[in-house]
Asks: 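I'd like to ask you about the structure that follows.
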Amino acid sequence: MSWVIALSEYLLQVPANRIGYTVLNIGQLKILQEVITLTVFVPFSVMYMKEPLKLDYLWAGLCLVGAVYFMLRKELF
């Protein structure tokens with residue numbers, strides 16, 4: 001199962017990094033990589049590993065949304 005998770009992350013991140021490097025800088029790509037990783041990992045841990053969904057996931061997600069905003073605000077506006 002860990003290989004399925006790694007493959008899904010790889011399939012999302014490698015094309016994103018190759019395409020994104022022409023538009024975004026390294027810091028922006030790193031933040032997006034973390035968002036992609038957690039987008040894959042959190043549903044896996046809740047659905048497959050039967051971990052309870054905690055309010056901490058929401059707060060962490062909001063922090064990541066804030067990180068994406070601050071890293072990409074120049075490109076967004």
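FYI, side chains are in, hydrogens and waters are out, and symmetry mates aren't considered; it's all heavy atoms of this structure.
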Asks: Check which hydrophobic residues are tied to Val65 through side-chain heavy-atom contacts below 4.5 Å, counting indirect links as well, and list them.
Replies: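 Members alongside Val65: none; it stands by itself.
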Asks: Decide whether Leu62 and Leu53 are clustered together by the hydrophobic rule: side chain heavy atoms of Ile, Leu, Val, Met, Phe, Trp, Tyr closer than 4.5 Å, transitively.
Replies: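 In one cluster: no.
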Asks: Could you see if Val23 belongs to whatever hydrophobic cluster contains Val68? Use Ile, Leu, Val, Met, Phe, Trp, Tyr and a side-chain cutoff under 4.5 Å.
Replies: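 Same hydrophobic cluster.
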Asks: Rounded to the nearest 0.5 Å, how far does OH of Tyr57 lie from CD of Glu51?
Replies: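 Nearest 0.5 Å value for the CD-OH distance: 5.5 Å.
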Asks: Over 60° means perpendicular and under 30° means parallel, so tell me whether Tyr48 and Phe44 are parallel, tilted or perpendicular.
Replies: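 Answer is parallel, since the angle falls under 30°.
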Asks: Rounded to the nearest 0.5 Å, what separation is found between the CE atom of Met71 and the CG atom of Asn25?
Replies: 5.5 Å
Asks: Does the Glu34 side chain pair with the main chain of Ile31, one donor and one acceptor, at a distance under 3.5 Å?
Replies: no
Asks: Are any of the side-chain heavy atoms of Phe70 and Arg73 separated by less than 4.5 Å?
Replies: yes
